[in-house]
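Remarks on the structure that follows.
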Amino acid sequence: MTSGDRPGPRNFIEEIVEEDIRTGKYGGRVHTRFPPEPNGYLHIGHAKAICISYGIADKYNGLYNLRFDDTNPTREEQQYIDAIKEDIRWLGFDWEDREYYASDYYEQLYEWGLQLIRKGKAYVDDLTAEQIREHRGTLTTPGKESPFRNRSVEENLGLFERMRKGDFPDGSRVLRAKIDMAAANMNMRDPVMYRILHATHPRTGDKWCIYPTYDWAHGQSDSIEGITHSLCSLEFENHRPLYDWFLEELEVHHPQQIEFARLNLNYTITSTRKLRTLVEEEFVSGWDDPRMPTLSAMRRRGYTPEAIRRFCDNVGVAKADNVIDIAKLEHYLREDLNKTAPRVMAVLRPLKLVIDNYPEDKIEELDAVNNPEDPSMGMRKVPFSRLLYIEQDDFREEPPPKYYRLAPGREVRLRYAYFVKCVDVVKDKDGKVIEVHCTYDPETRGGDAPDGRKVKATLHWVSSAQAIRAEVRLYDRLFTRSDPNEVEGEGKDFRANLNANSLETLTDCRLEPSLSSVKASDRYQFERLGYFCVDPDSRVDKLIFNRTVSLRDTWAKIEEAQEKGKG
RNA sequence: UGGGGGAUCGUUCAAUGGUAGGACGGUUGACUCUGGAUCAACUAAUCGGGGUUCGACUCCCUGUCCCCCAGCCA
């Protein structure tokens with residue numbers, strides 16, 4: 001694609017990139033990267049960042065790297081590296097052979113540390129962490145210089161080399177940049193570049209016992225990779241002057257950092273630390289619990305990568321803090337699933353329906369459309385018989401206003417089958433309706449009445465004898481508050497806002513027999529209910545479906561309004 | 001009370017001195033063998049106060065509010 005047929009800039013980052021291409025700032029080159037720390041799983045917020053960086057590279061015929069910012073061995077694990085790669089691949093992005101690790105650059109970083117020491121721009125500090133904090137000053141008062149700040153180059157060199165050799169215990173010394181302890185920007189008050197950590201690194205093992213801080217590693221890693229545009233979130237804006245300082249002192253390739261606002265979703269947390277808390281304290285079953293906003297959880301729940309990418313492409317890129325309505329995510333999910341998910345009939349909360357005038361032993365195979373949005377998906381047969389299940393919600397002994405479904409004396413259509421009319425009900429000793437009796441009109445086979453009469457409702461159903469049993473897990477939002485971090489009361493946190501009803505497990509669901517050979521992660525629309533996805537724990541003898549998202553439900557809205565009206 | 005950012009429909013992103021627009025949500029209607037989908041219409045905003053200008057979301061002055069920074073986390 002040439003720049004001529006490329007659509008114009010869609011956001012301020014693309015404007016900057018286009019300007020840089022125009023002026024030949026990096027020789028017209030565009031090279032971005034996504035730099036996750038492997039200390040947890042990727043979530044929907046990361047998806048936005050990935051889409052932005054990858055999208056820019058793609059749009060401007062550039063390259064895209066994946067780089068793990070693995071500078072803290074005490075929190076990082078190989079399992080996270082593996083999971084992150086899987087998630088990015090699933091999202092549909094290919095970094096080809098450009099998979100890098102900040103730990104690949106440890107030797108170079110160390111050399112550069114030496115270089116800064118020789119320039120008199122870095123020094124080994126013997127202060128404790130607490131003393132360093134005290135010396136740093138506050139937001140409104142300048143810091144004090146460390147007594148070790150003016151050691152000779154030779155002494156610093158010797159000490160730094162011994163730090164690497166392992167002569168000193170954890171926390172006893174650090175290497176700091178010598179910048180300005182009175183800087184208004186706290187990041188410039190002699191930031192730490194190396195700390196001593198006798199920890200095993202997932203990739204470098206025990207080779208190192210000093211590790212670069214993120215601030216020292218990040219900008220140079222971008223530089224080494226020839227990154228042109230380092231896109232990151234807003235909180236690193238304050239760090240940019242520091243990265244610029246390092247790069248200038250080192251006189252190396254200088255990428256341009258551009259910050260944008262990270263994605264937030266209402267009723268959701270997107271903090272790796274807090275998500276880990278939910279996992280570790282077993283509020284959820286794991287990082288891939290379908291209620292989590294992690295990509296692995298969304299995948300398990302039935303989200304499609306296409307839907308997530310469409311969502312990310314449509315939330316916009318700006319610098320203002322934002323909280324996106326989860327309804328927007330669900331909109332793009334439904335939009336995609338509506339086009340791609342085969343339709344099928346499933347009854348979640350079964351209620352027996354007996355067709356009194358239908359022959360006892362008769363079974364008909366009726367034609368059903370697999371996807372009205374896509375005729376190429378074809379047709380299937382669905383068995384019909386005298387004894388069926390319908391949804392408990394689809395019958396009311398005393399129907400409220402605007403309730404179109406089945407009720408005593410009412411006639412409705414059974415999808416793809418016949419018109420049926422309720423003639424009787426059977427109740428248990430508590431007065432609960434356990435069986436609905438109907439008569440059917442044989443003239444309406446297939447679902448249309450030759451006499452032209454209409455019904456207000458069409459119900460889904462499953463033939464009892466042929467039905468398959470399944471477990472279906474219904475998910476609701478994980479938090480009850482739009483802002484899960486908003487708490488009332490002392491000492492409370494987001495955990496106080498967990499939704500106790502975020503998971504409802506239905507164990508007595510009945511599915512049409514065409515579903516007998518489903519595989520994990522297969523997606524379907526259960527007609528009139530929602531989109532469902534086969535869980536990886538599902539087995540042939542015990543099918544398990546996750547509700548990905550419900551269908552838009554006009555009746556639920558009416559009913560809710562009626563409830564409110566009463567209250 | 002230092003420094004760095006940011007304020008436009010309910011939400012989110014546009015409009016870069018010339019008719020404030022899109023998406024989501026909401027409401028109403030049409031259509032429908034899914035109360036789905038689809039289609040149509042409607043709803044609704046420039047943080048406040050000054051100024052420059054024929055004309056200001058945009059430029060200037062001033063005020064207010066919000067976010068980030070005092071990890072040897074990233």
Side-chain angles (χ1 to χ4, degrees), chain A residues 10-11 15 35-37 39 69 71-72 74-76 125 127-130 132-134 136-143 170-176 182-189 191-197 210-211 213-215 217-218 232-241 259 261 266 272-273 311 314-332 334-335 338-339 343 345 368-369 372-373 402-405 412-417 419 444 446-448 454-460 525-530 550-558:
Chain A
R10 295 187 310 157
N11 56 57
E15 279 176 17
E37 184 193 14
N39 68 336
D69 268 335
T71 54
N72 186 349
T74 65
R75 322 202 303 177
E76 295 153 6
D125 196 346
L127 257 27
T128 65
E130 191 180 344
I132 287 179
R133 180 169 7 100
E134 286 162 0
R136 189 152 28 226
T138 71
L139 296 178
T140 51
T141 60
D170 286 4
S172 58
R173 278 174 235 262
V174 292
L175 183 73
R176 301 178 72 177
N185 182 343
M186 301 291 284
N187 295 123
M188 303 300 271
R189 319 246 263 225
V192 171
M193 295 161 62
Y194 275 96
R195 70 279 214 197
I196 301 172
L197 243 34
I210 58 170
Y211 289 94
T213 57
Y214 174 85
D215 278 346
H218 189 77
C232 65
S233 46
L234 252 25
E235 66 266 32
F236 295 105
E237 210 153 16
N238 290 329
H239 296 243
R240 179 156 30 93
E259 308 85 8
N266 58 10
T272 305
R273 202 197 91 235
F311 169 73
N314 281 283
V315 289
V317 181
K319 297 192 71 157
D321 292 335
N322 62 80
V323 182
I324 310 288
D325 193 337
I326 189 96
K328 191 153 192 158
L329 212 208
E330 293 181 342
H331 165 78
Y332 290 109
R334 291 190 183 105
E335 184 179 73
N338 176 50
K339 285 180 298 192
R343 266 114 252 227
M345 291 198 284
V369 174
E373 304 291 323
K402 296 197 180 162
Y403 184 88
Y404 300 155
R405 282 109 95 146
V412 299
R413 171 170 40 233
L414 295 178
R415 178 135 233 223
Y416 300 123
F419 285 13
T444 59
D448 284 305
K454 301 287 181 191
V455 288
K456 292 278 265 181
T458 299
L459 271 40
H460 62 277
Q525 184 198 98
F526 290 178
E527 292 220 30
R528 302 208 306 136
L529 297 174
S550 65
L551 251 24
R552 286 187 69 227
D553 190 345
T554 307
W555 165 243
K557 276 181 203 162
I558 295 170

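Each chain gets a letter, A, B and so on, in the order its sequence line appears, and its residues count up from 1.
- The CG atom of A:Asn11 sits 11 Å away from the P atom of B:C13 (whole-angstrom rounding).
- For B:G26 and B:U11, the P atoms lie 15 Å apart once the distance is rounded to whole Å.
- For A:Asp553, counting side-chain heavy atoms from C-beta on, the closest listed nucleotide (B:A37, B:C24, B:G35) is B:G35.
- Counting any heavy atom pair closer than 4.0 Å across all strands shown, A:Arg552 reaches sugar-phosphate atoms only and no base atom.
- An OP1 or OP2 oxygen of B:G26 is reached within less than 4.0 angstrom by a side-chain nitrogen or oxygen of A:Lys557.
- Using a 4.0 Å heavy-atom distance criterion, A:Phe526 is classed as making no nucleic acid contact.
- Between B:G17 and B:U53, the distance separating the two C1' atoms is 9 Å to the nearest Å.
- Spacing between B:A56 and B:G51 at atom C1', rounded to whole Å, works out to 11 Å.
- Note that CZ of A:Arg552 and NE2 of A:His331 are 9.5 Å apart. Values are rounded to the nearest 0.5 Å.
- In terms of modelled atom types and a separation under 3.5 Å, the side chain of A:Arg334 and the main chain of A:Ser550 share a donor-acceptor contact.
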Point to revise | Candidate pair A:Tyr404 and A:Val455, rule side-chain contact (heavy atoms from CB on, under 4.5 Å), full reasoning | key: CA-CA 9 Å; A:Tyr404 300 155; A:Val455 288; over 6 Å; no
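- Side-chain N/O atoms of A:Asn72 and A:Thr74 include a donor and acceptor closer than 3.5 Å.
- Between A:Lys402 atom NZ and B:U28 atom C1' the separation is 11 Å, expressed in whole Å.
- Tested against A:Asp125 for a salt bridge (Lys or Arg N to Asp or Glu O under 4.0 Å), the candidates A:Arg176, A:Arg195, A:Arg136 yield a single pass: A:Arg176.
- Put simply, CZ on A:Arg10 is 11 Å from P on B:A14, counting in whole angstrom units.
- Two residues, A:Ile558 and A:Ala261, neighbour RNA chain B, and the one matched to the more 5' nucleotide by heavy-atom proximity is A:Ala261.
- Atom P of nucleotide B:U32 and atom NZ of A:Lys454 are separated by 7 Å, given to the nearest angstrom.
- Atom CD1 of residue A:Ile196 and atom OH of residue A:Tyr211 lie 12.5 Å apart, to the nearest 0.5 angstrom.
- Of the C1' atoms belonging to B:U62 and B:C72, the separation is 44 Å, rounded to the nearest Å.
- Within the 4.0 angstrom heavy-atom criterion, no nucleotide atom of any strand lies near A:Val455.
- Contact between the side-chain N/O atoms of A:Arg528 and the OP1/OP2 oxygens of B:G35 is found at a separation under 4.0 Å.
- Distance NZ (A:Lys328) to P (B:U11): 13 Å, rounded to an integer number of Å.
- Base engagement by A:Gln525 is indicated by at least one non-hydrogen atom pair under 4.0 Å involving a base atom.
- Taking all atoms of both residues into account, the shortest heavy-atom contact from A:Arg405 to A:Ala457 is CA-CB, 3.9 Å.
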Point to revise | Verdict with reasoning, A:Glu235 to A:Ser233, per side chain to side chain donor-acceptor pair (under 3.5 Å) | key: CA-CA 6 Å; A:Glu235 66 266 32; A:Ser233 46; 3.1 Å; yes
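- In terms of polar N and O atoms assigned as donor or acceptor, the side chain of A:Arg405 comes within less than 3.5 Å of the base of B:G35 in a complementary pairing.
- When the P atom is compared between B:G63 and B:U27, the two are found 44 Å apart, to the nearest whole Å.
- Atom CG of A:Asn185 is separated from atom NE2 of A:His239 by 8.0 Å, given to the nearest 0.5 angstrom.
- Spacing of C1' atoms, B:C39 relative to B:U32, comes out at 12 Å, to the nearest Å.
- In summary, the side chains of A:Thr458 and A:Arg413 do present a donor paired with an acceptor at a separation below 3.5 Å, with no hydrogens or angles considered.
- In terms of position along RNA chain B, the nucleotide closest to A:Ile324 lies nearer the 5' end than the nucleotide closest to the other residue of the pair A:Leu529 and A:Ile324.
- Side chain A:Lys339 to base B:A37: no donor-acceptor pair is found below 3.5 Å.
- Residue-level contact check: A:Arg240 touches neither bases nor backbone, having no heavy atom under 4.0 Å from any strand.
- In this structure, A:Asp448 reaches the bases: a heavy-atom distance under 4.0 Å links it to at least one base atom across the strands shown.
- Remark: the separation of the C1' atoms in B:A45 and B:G25 is 15 Å, to the nearest Å.
- Residue A:Thr554 has a polar side-chain atom (N or O) positioned under 4.0 Å from OP1 or OP2 of B:G36.
- Considering only side-chain atoms of A:Ala327, the nucleotide from B:A37, B:A14, B:C24 that sits closest is B:C24.
- One C1' atom belongs to B:U58, the other to B:A7, and the distance between them is 14 Å to the nearest Å.
- A:Gly316 comes within 4.0 angstrom of the backbone, heavy atoms only, and of no base.
- In this structure, the CG atom of A:Asn338 is 14 Å from the C1' atom of B:C39, given to the nearest Å.
- Taking CD of A:Glu527 as the reference point, atom NE2 of A:His460 lies at 9.0 Å (rounded to 0.5 Å).
- Atom pair A:Arg334:CZ and B:G35:P shows a separation of 15 Å (rounding to whole Å applied).
- One interatomic measurement links the two molecules: CG of A:Leu329 to P of B:U12, which rounds to 15 Å at whole-angstrom precision.
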Check your understanding: For RNA chain B, what is the dot-bracket line, given that a base pair needs Watson-Crick (N1 to N3, plus N6-O4 or O6-N4) or G-U wobble (N1-O2 and O6-N3) geometry with both distances under 3.5 Å, and | means paired with another strand?
Key -> .((((((..((((....[..))))((((((.......))))))...(((((..]....))))))))))).....
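- When distances are taken from the side chain of A:Glu15 to each of B:G35, B:A15, B:A7, the shortest belongs to B:A15.
- The phosphate of B:C24 has OP1 or OP2 within less than 4.0 Å of a side-chain N or O from A:His331.
- Interatomic distance, CG of A:Leu127 versus CD of A:Glu134, reported as 8.5 Å (0.5 Å rounding).
- Among the nucleotides B:A7, B:U34, B:U12, the one closest to any side-chain atom of A:Asn322 is B:U12.
- Look at B:G71: its glycosidic torsion is within 90° of 0, and that puts it in the syn range.
- Backbone-only contact: A:Glu237 has heavy atoms under 4.0 Å from sugar-phosphate atoms and none from a base.
- A:Phe236 and A:Tyr214 have tilted rings, their planes meeting at an angle from 30° to 60° on a 0 to 90° scale.
- At a threshold of 4.0 angstrom between heavy atoms, the contacts of A:Val369 with the nucleic acid are absent.
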Check your understanding: Tell me, for nucleotides 64-74 of chain B in 5' to 3' order, what letter each nucleotide earns: B for a base near a protein heavy atom under 4.0 Å, S for only sugar-phosphate near one, - for neither?
Key -> ---SBBBSBBB
